[in-house]
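Following: one structure in structure tokens, then a few remarks.
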Amino acid sequence: MAKLHPDLINKEFWYKDITLIPNRLPDFERDMVDLTTHFTKRLKLKTPFVSSPMDTVTEAEMAILMALLGGIGVIHYNFLTIDEQIEEVEKVKRFEAGFVFNPVVLSPQKTVKDVYDVADKHGFFSVPITEDGTLNSKLSGIVTHRDIRYRKDMETKLKTVMTPREKLIVAKKSETIDKNDLQAANEILRKNNLDTLIIVDEDDKVAALVADSDIRKNEQFPLATKDENKQLRVFSAVESRLELAKERVGKGYDAGLDGIIIDASVVFKEQLEIAKYCKENFPKLEEMVRKIIEEASDYCDALRIGIGPGAACITQQELGTGRAQASAVWECSKEVKKLEPKYGFIPTIADGGIKIPDTIDQDIAKPGDITKALALGAKTCMMGGLLAGLDESPGEKEFDYEENRMVKKYRGMGSTEAMKKRGALRYGIEKMKIKIPEGKVIKVPYRGSGYDFIPQLIAGVKQSLQKQGFKNIKELQEEADIRPLPK
Ligand code: XMP
């Protein structure tokens, strides 16, 4: 572990109360710093950032941003139905794929309007047409943006605009998917200058798609967090209620979900049962419980640390309990490390309290809190408020006349507003008449595109490590010199 100044031992302290002393002379460039880390026991990330499962932070767009830039997003569960959450997972899994399995298909009887509906919902126009509009019937053709862009009559049937089967260049499943040879499919796509290549099985049914735009995206984002099929990885949050969680996890698993976070403000016994259920039924899924390692090490793939440090949290003020985040990260990570010889490696996630000054003149990315969390032993940082102001978070930006700037809404999942949906489950009070809020609704500065903002944060964390002479997170965690700042 790093060196913690004696004045900090057994004290409560926040990130703002400490500084990291540079003791080494760096002899390497900033961009040589490697931020590769562990999100869970098995899953590595090239960027130690995780977006919070909150309904003003992470849906598909944010999860895509995070995964493309090397981190990961956790989709919240504050939807009215489980299926709505699963749709967000599907959007991420479809966004950038090698082989797109289960693609959206339509029948020749559908109309141009139906293709626009697909584009609205999923963000793409290329749709294979099959005899009965399901994957169980033969391929009839394809409709792409080119086929419909000048059509004014939205009721035009697709059979009159599609490129018919006999004119289509397709690839065979036996020569691509069955050999796990994405390269072969890409070559056909490029050689024939196609936007989309359909892969068919021996009965001429659609087995998968490969899209040219995906290949280009693959080249643009070298840090991306992907699964074996080159699809972006995504986690989702699950409530601490076993019956609900069973349905959520089962549906998520079918949609390609990579793992779950059991999201609750306190540790319930039921969390352990959920984790156990998942490991027994879906052994490939990653999962986390905030539970004591001794009880949970067999089922728990990472540990999330934080009670009430978040920007929209009022737990500490309302209930008088919680911890100063920096000391919590240090002590929990130290404990986990101590238990490692007996229970194995479990990475910790520093959740909440990452602050970036947002006074009007100073609204820039200052990633020092992230480096401090990593120096204190966390393998990744989970962030809510910092990301809620990006274009990729749910909700619209608006002009704040009082502060004379653009803002976005950010709300704690324990706020009265969020608890009207499923948020109350997080606090285990969904059936109770009196609900004490543990969160509030605030405005955060609008920060523009995450595709500009996150690379700045990454560069900032790298620069902070370089200043201290550390080439990677492991060196930082072993040798950082953490001292108190004068009050
Ligand atoms: P930041 O500081 O990044 O914190 O905005 C995000 C984390 O805050 C937690 N969270 C809450 N905690 N009351 C709380 O005490 C709430 O209403 C609430 N909503 C979210 C959550 O762990 C998140 O990742």
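Scope of the values below: all heavy atoms of this structure, side chains included, with no hydrogens, waters or symmetry mates. Whatever order the structure lists ligands and atoms in, that order sets their numbers, starting from 1.
- In the vicinity of Y410, heavy-atom distances shorter than 4.0 Å reach the ligand 1 atoms 1 (P), 4 (O), 5 (O), 6 (C).
- Under a 4.0 Å criterion applied to the non-hydrogen atoms of R304, ligand 1 contributes the atoms 21 (C), 22 (O), 24 (O).
- Residue-level proximity to ligand 1 for K440 is absent, since no heavy atom of it falls below 4.0 angstrom.
- Nearest-residue assignment for atom 4 (O) of ligand 1 (options G306, G352, A350, A237; heavy-atom criterion): G352.
- For atom 1 (P) of ligand 1, the choice among G414, S415, P309, A311 with the nearest heavy atom turns out to be A311.
- Taking a 4.0 Å cut-off on heavy atoms, L386 fails to register as neighbouring ligand 1.
- Checked against a 3.5 angstrom limit, the closest N/O atoms of G353 and ligand 1 fall inside it.
- Tested against K93 for a side-chain contact (heavy atoms from CB on, under 4.5 Å), the candidates L232, L257, D227 yield a single pass: D227.
- Residue R483 holds its CZ atom at 4.5 Å from CD1 of I21, rounded to the nearest 0.5 Å.
- Side chains of D55 and Y77: a donor-acceptor N/O pair is absent below 3.5 angstrom, by distance only.
- Under the 3.5 Å distance criterion, the side-chain polar atoms of T47 are matched with a main-chain donor or acceptor of L69.
- For atom 8 (O) of ligand 1, the nearest non-hydrogen atom from the set A418, G384, C313, G322 belongs to C313.
- Between G385 and ligand 1, at least one pair of N/O atoms sits closer than 3.5 Å.
- Around atom CG of N102, no more than 12 heavy atoms belonging to other residues, nucleotides or ligands sit under 6.0 Å away.
- Neither the backbone nor the side chain of R411 has a heavy atom within less than 4.0 Å of ligand 1.
- With a 6.0 Å cutoff to the six-membered ring centre and a 45° limit on the axis angle, K408 does not count as a cation-pi contact of Y446.
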- Item | Evaluation steps, side-chain contact (heavy atoms from CB on, under 4.5 Å), between F13 and I18 | CA-CA 8 Å; F13 54 92; I18 55 172; 3.7 Å; yes
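- Residue M383 has at least one heavy-atom neighbour below 4.0 Å for each of these atoms of ligand 1: 3 (O).
- Taking the six-membered ring for Trp and thresholds of 30 and 60 degrees, Y253 and F282 have ring planes inclined between 30 and 60 degrees apart.
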